[in-house]
Every structure is written in structure tokens, then in C-alpha cells.
There are 2 protein chains.
Amino acid sequence: MDRFRPKLKRAGVTEQQWRVLRALSETDEMDAGELAQAICLRMPSLSRILADLNERRLVQKQLGADRRLRIVRATRQGRALVERLSPLSEQQYRRIESALGTKHYQRLMKDLDTLIARLSVDETEGSSTVQEHADPAARGQNPAL
Amino acid sequence: MDRFRPKLKRAGVTEQQWRVLRALSETDEMDAGELAQAICLRMPSLSRILADLNERRLVQKQLGADRRLRIVRATRQGRALVERLSPLSEQQYRRIESALGTKHYQRLMKDLDTLIARLSVDETEGSSTVQEHADPAARGQNPAL
DNA sequence: AAAGAAACGTTAACATGATAACGAATTCGT
DNA sequence: ACGAATTCGTTATCATGTTAACGTTTCTTT
């Protein structure tokens, strides 16, 4: 992140704002809780970030059918920002991969996924919210960048 | 850490304070810079933490021969605290190990060490400060807890 | 249906992470 | 020897992590 964060800063977003936008740009819409779990952000942090991104018109918040829920969507501008920065993000993953070698890299990502999944299970005692990803291109359910 | 942090809190130390004390109790003395690198803490954070721990008599700061350096040592009380909490820390590592299995656990720790070492190298472009640890019991140069 | 419990977000308060600007001490080049 | 560049640590500032306390809305229980 030491390498990627400066690029994010030039683009006007912080590290966590980036993770939020990235996650949102991959789906249509989510409620805040889903989003928080998807990217491992606590609700207090997410609240602040969404409030900020909302004012800057990068995301859009609205009430759900269940009016406790806050439905969030990335706006056009938000998605455009992600499109613009994604290549720089990919570049960092390739850097990590080349530092370890493809084989070790994939093994590391897999082991980390396994660890996160298993630890999550008995944290919440059963209600595993961590979904499997059969996609071999997936680099883990919690992309750092 | 979600499991260990509450125990630390009851003992009156934060997560990073714990890491500082743990590192110091394993050596005789270090200057602030060495310490920061050893446990991956930025100097601004370390400064605040050492100032705090110093007032609470858990560590002791003094000037080195080179008077730019701050030599730091854990006091008796500091070491006693680590002795008292170490078993609880070990317990967490065993939990992680049992979640992955011994084989995967060791492999994960090794891969992470490798990654950290290699990324560090070309961050600083050559002046690798990351020392090897031949000790098989070592769990990585940056114990989280 | 009404009181209580639970779920979802928000806000508050404090500790930490990150970056930059600074002060003090030391080393270098001339 | 002297001024510039370095090194080490501190301080300032802002964003985030963490925990707890709340306000709303919904679900449960009776």
C-alpha cells in the first residue's frame, strides 16, 4: 500500500474509500452491513466514509424496504474513478506476485483465504458470511487494493 | 486480535504497547529506530507509545553515545507484565495454528516472512534490515501478538 | 396490541496509522 | 574548520480502527 496509496491520494481518495468504491463498482447495490463485511470495514468507519463519498457524489445512499437498511450504490462518477485507477491497482498485485513467484503467491492467497474463513466461522459461531470464490482469478475475498 | 485485545485492555495496555513491550523484553536494549523496524511501527506512533510507557515506568528512555539516539529498555515492571500475558498470547497462536493445521500454519508463516523480506528489499533498495531468524520456533519477525 | 428484545446505523471518544514539517545532533565535502 | 546535507526523533494533522452508547426500526413475546 505504501506504493499505491500515493496514487490514490493524487486521485483524491483514501485507501478505505478506494476499497469501498471498488467493492461497490462490482455490484449493483448493497446495504451498508453487507458492504462492511465484504471489505472488512467496521460500521463506524464505513459510516464516515459513506457520508464523505456521498457528499462528493461518488456514492448514493437511500433507505431500503426495511427502513433500517441503508442501500448504497456507486454513482457514474464513482464507477468511472474505479475504472481509471484499476490498472494501477492490478500493477501492485503483479508486483507482489513477482516478488514471491506465481506458485507461492497463489498458495499464499489461498492459505490466507482459508485462515480468514476458518477464523470467521467460530468468531460468529456458525453464521459464516464468507462466500467461496470459485473464480481462480479471485485474489481473496478481501482485496487490499 | 479481536480475541486478545480485550485481555490486553484488562491488563492496561493497548495492542501496540504490547508489541513494544514484547519486543523489548526479548532484548536488553535498543534504540528507537531499531525497535520501530523490528515491529513495523512508524516512528510517530512509537514516539507517542514510548512517551506513555515511559511515564508509566514500563520502559525507560535514555540518550545514547550518539545523542540523536534514544535508547530504550523494558523496566522490571515492563518485563513482568510481558511474563504475565505471554501465556495468553501463545494461546492465540495455537488457535490460529489449529485453525489451519500445523503444516499449513508453518507454511503460511514462512510465506509471509518471505514476502515481507522481499518487499522490504526493494522498498529500501538494498539496505535490507530484516534479519533472518534461524530459530524454528520463531513465528515471523513481526509477531502480531 | 404493548413491552421488551434484536437488528442496523450513527455518533462519540480515544488510540493508532500516515504524511509532512521540524528541531537537534552528526557526518560530509571542501 | 565551516556550512550543507543526513540522520534520528518529535510534533502536527488528518483519516481510520476500536469500543461503547444511542436512536430507529423491526421482530418477539406475552
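Residue numbers begin at 1 in each chain, while the letters A, B, ... track the order of the sequences.
- For B:Ser45 (side chain) and B:Leu41 (main-chain N/O), no donor-acceptor pair under 3.5 Å exists by modelled atom type.
- For the pair B:Ser98 (side chain) and B:Arg95 (backbone), a donor-acceptor distance under 3.5 Å is present.
- Atom C1' of nucleotide D:dG17 and atom CD of B:Glu15 are separated by 9 Å, given to the nearest angstrom.
- Nearer the 5' end of DNA chain C, as judged by each residue's closest nucleotide, is the contact made by A:Ala32, out of A:Lys9 and A:Ala32.
- Side chains of B:Arg73 and B:Val59 form no contact here, defined as non-hydrogen atoms less than 4.5 Å apart.
- Neither OP1 nor OP2 of D:dG17 sits under 4.0 Å from any side-chain N or O of A:Arg42.
- Contact annotation: the side chain of A:Lys110 never approaches that of B:His104 to less than 4.5 Å [non-hydrogen atoms, C-beta and beyond].
- A:Gln60 and A:Asn54 form no side-chain donor-acceptor contact under 3.5 Å, judged by distance and modelled atom types alone.
- Annotation: salt bridge (charged side-chain N to carboxylate O under 4.0 Å, His left out) contacts involving residues 60-69 of chain A, sequence neighbours excluded, comprise A:Asp66-A:Arg68.
- Applying the salt bridge (charged side-chain N to carboxylate O under 4.0 Å, His left out) test to A:Arg57 and every residue at least two apart in sequence or in another chain returns nothing.
- Following rounding to the nearest Å, B:Arg67 (CZ) and D:dT10 (P) show an atom-to-atom distance of 16 Å.
- Regarding contacts with the backbone of D:dT10, a side-chain N or O of B:Lys61 is found under 4.0 angstrom from either OP1 or OP2.
- Counted by atom type alone, B:Arg19 and B:Gln16 present one or more donor-acceptor pairs between their side chains at under 3.5 Å.
- For DNA chain C, the contact window with chain B, defined by any atom under 4.0 Å from a protein heavy atom, covers C:dA15 to C:dT26 in 5' to 3' order.
- Separating the CD1 atom of A:Ile39 from the C1' atom of D:dT16 is a distance of 12 Å, rounded to the nearest angstrom.
- In this structure, A:Gln17 and B:Arg5 both approach DNA chain D, and ranking their closest nucleotides by distance from the 5' end singles out A:Gln17.
- The distance from atom CG of A:Asp66 to atom C1' of D:dC27 is 10 Å, rounded to the nearest whole Å.
- Put simply, CG on B:Leu8 is 15 Å from C1' on D:dG17, counting in whole angstrom units.
- Contacts classified as salt bridge (charged side-chain N to carboxylate O under 4.0 Å, His left out) and involving residues 31-49 of chain A (residues at least two apart or in different chains) are given here: A:Arg42-B:Asp2.
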Sort me out a list of protein N/O and nucleotides 21-24 of chain D N/O pairs below 3.5 Å, or just none if empty.
none

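- Listed by residue number, A:Met43, A:Pro44, A:Ser47, A:Arg48 are the residues of residues 43-53 of chain A with a heavy-atom contact under 4.0 Å to DNA chain C.
- Side-chain N or O atoms of B:Ser25 include none that pairs as donor or acceptor with a backbone N or O of B:Arg79 at under 3.5 Å.
- Atom C1' of nucleotide D:dC8 and atom CG of B:Leu69 are separated by 7 Å, given to the nearest angstrom.
- Contact check for B:Leu85 versus B:Leu88: side-chain heavy atoms found under the 4.5 Å cut-off.
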